[in-house]
Enquirer: 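Can you keep this structure in mind? I'll have questions shortly.
Here, residue 1 is the first one in the sequence, and each next residue gets the next number.
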Amino acid sequence: QVQLVESGGGLVQAGGSLRLSCTASGRTFSSYAMGWFRQAPGKERDFVAAISWSGGTTYYADSVKGRFTISRDNAKNTVYLQMNSLKPEDTAVYYCGASMASRGSFYSGSYLNQNEYSYWGQGTQVTVSS
């Protein structure tokens with residue numbers, strides 16, 4: 001069982017930056033691939049970024065590539081999402097998830113599918129004003 005707690009959301013002007021954190025309970029954090037998803041009002045939850053177990057491989061949605069950076073610190077049981085050059089369309093509730101997918105499945109694209117994540121945080125609101 002893993003509990004995830006996100007923090008770092010808030011209100012920021014367009015062009016600004018925020019860093020989200022997601023801290024996990026337990027001592028098996030490094031055994032999970034991690035991902036960030038977001039959900040805007042009236043829309044489905046969409047993939048934002050994912051990171052492999054050691055942090056050596058990362059993936060991004062096209063809409064955030066070059067602006068967002070996912071990273072992790074296994075010693076601190078924490079995954080981060082650095083968000084730069086924020087746009088109003090980035091406004092959403094951001095969720096981190098922990099995946100128990102196999103390495104073969106993850107590297108084949110399962111990180112895109114929210115159903116592949118076994119644990120979720122409660123979400124943190126990010127609002128970008130124009």
Enquirer: Check whether Leu86 and Val93 end up in the same hydrophobic cluster, where Ile, Leu, Val, Met, Phe, Trp and Tyr are linked by side-chain heavy atoms less than 4.5 Å apart.
Expert: no

Enquirer: Shared ILVMFWY cluster between Tyr80 and Tyr94, side chains joined below 4.5 angstrom?
Expert: no

Enquirer: With ring centroids as reference points, do Tyr32 and Phe106 lie under 6.0 angstrom apart?
Expert: no

Enquirer: Enter the distance from Thr58:OG1 to Met34:CE here, rounded to the nearest 0.5 Å.
Expert: 14.5 Å

Enquirer: List the steps and the verdict of side-chain contact (heavy atoms from CB on, under 4.5 Å) for Leu4 and Val2.
Expert: CA-CA 6 Å; Leu4 304 173; Val2 174; 3.6 Å; yes

Enquirer: Answer yes or no: is there a side-chain heavy-atom contact under 4.5 Å between Arg45 and Tyr95?
Expert: yes

Enquirer: Under 3.5 Å, side-chain donor or acceptor atoms of residues 5-20 against the rest of the protein: list the pairs with distances, not counting sequence neighbours.
Expert:
{"unit_1": "Glu6", "atom_1": "OE1", "unit_2": "Gln122", "atom_2": "N", "d": "2.9"}
{"unit_1": "Glu6", "atom_1": "OE1", "unit_2": "Gly123", "atom_2": "N", "d": "2.7"}
{"unit_1": "Glu6", "atom_1": "OE2", "unit_2": "Cys96", "atom_2": "N", "d": "2.8"}
{"unit_1": "Glu6", "atom_1": "OE2", "unit_2": "Gly123", "atom_2": "N", "d": "3.4"}
{"unit_1": "Ser17", "atom_1": "OG", "unit_2": "Asn84", "atom_2": "OD1", "d": "2.9"}

Enquirer: Checking Arg67 against Tyr60 for the side-chain contact (heavy atoms from CB on, under 4.5 Å) test, could you report, in this order, the C-alpha distance in whole Å, the side-chain angles of both residues, the deciding distance, and whether it holds?
Expert: CA-CA 10 Å; Arg67 300 188 297 122; Tyr60 297 93; over 6 Å; no

Enquirer: Grab the two heavy atoms, one from Leu81 and one from Ala49, that are nearest each other, plus how far apart they are.
Expert: CD1-CB, 4.2 Å

Enquirer: Is there a chain of hydrophobic side chains (I, L, V, M, F, W, Y, each step under 4.5 Å between heavy atoms) that links Val126 to Val64?
Expert: yes

Enquirer: First locate atom CZ of Arg38, then atom CD of Glu44, and finally report the distance between them rounded to the nearest 0.5 Å.
Expert: 14.0 Å

Enquirer: Would a distance-only check, ignoring hydrogens and angles, find a side-chain to backbone donor-acceptor pair under 3.5 Å from Asn113 to Ser110?
Expert: no

Enquirer: Checking salt bridge (Lys or Arg N to Asp or Glu O under 4.0 Å) for the pair Lys65/Asp62: CA distance, chi angles, key distance, verdict?
Expert: CA-CA 5 Å; Lys65 203 171 292 182; Asp62 288 343; 3.2 Å; yes

Enquirer: With distance as the sole test, does Ser102 use its side chain to make a donor-acceptor pair with the main-chain N or O of Ser105 at under 3.5 Å?
Expert: yes

Enquirer: Using the salt bridge (Lys or Arg N to Asp or Glu O under 4.0 Å) criterion, which residues pair with Lys43? Sequence neighbours excluded.
Expert: none

Enquirer: Identify the heavy atoms of Ala50 and Tyr117 that sit nearest to each other, and give their distance.
Expert: CB-OH, 3.9 Å

Enquirer: If hydrophobic clusters are built by linking Ile, Leu, Val, Met, Phe, Trp and Tyr wherever their side-chain heavy atoms come under 4.5 Å apart, do Leu112 and Val79 end up in the same one?
Expert: no

Enquirer: Would a distance-only check, ignoring hydrogens and angles, find a side-chain to backbone donor-acceptor pair under 3.5 Å from Ser108 to Gly104?
Expert: yes

Enquirer: Would you check, one step at a time, whether the test side-chain contact (heavy atoms from CB on, under 4.5 Å) holds for Gln125 with Thr91?
Expert: CA-CA 8 Å; Gln125 176 71 47; Thr91 295; 4.0 Å; yes

Enquirer: When you compare the side chain of Met83 with that of Thr69, does any pair of heavy atoms fall below 4.5 Å?
Expert: no

Enquirer: For Ser52 and Gly56, which heavy atoms make the closest approach, and how far apart are they?
Expert: OG-N, 3.3 Å

Enquirer: For residues Phe29 and Thr23, determine if any side-chain heavy atom of one lies less than 4.5 Å from a side-chain heavy atom of the other.
Expert: no

Enquirer: Return the minimal non-hydrogen interatomic distance between Gly97 and Trp120, and the atom names on each side.
Expert: CA-CE3, 3.8 Å

Enquirer: Identify the two heavy atoms, one from Asn74 and one from Ser30, that lie closest to each other, and give their separation to 0.1 Å.
Expert: ND2-CB, 3.6 Å

Enquirer: Check for a donor-acceptor pair, side chain of Thr78 on one end and backbone N or O of Lys76 on the other, with a separation under 3.5 Å.
Expert: yes

Enquirer: Mind checking what makes ring-ring contact (aromatic ring centres under 6.0 Å, His included) contact with Phe47, not counting sequence neighbours?
Expert: Phe37, Tyr111

Enquirer: Using a 4.5 Å cut-off on heavy atoms from C-beta on, say whether the side chain of Asn77 contacts that of Arg72.
Expert: no

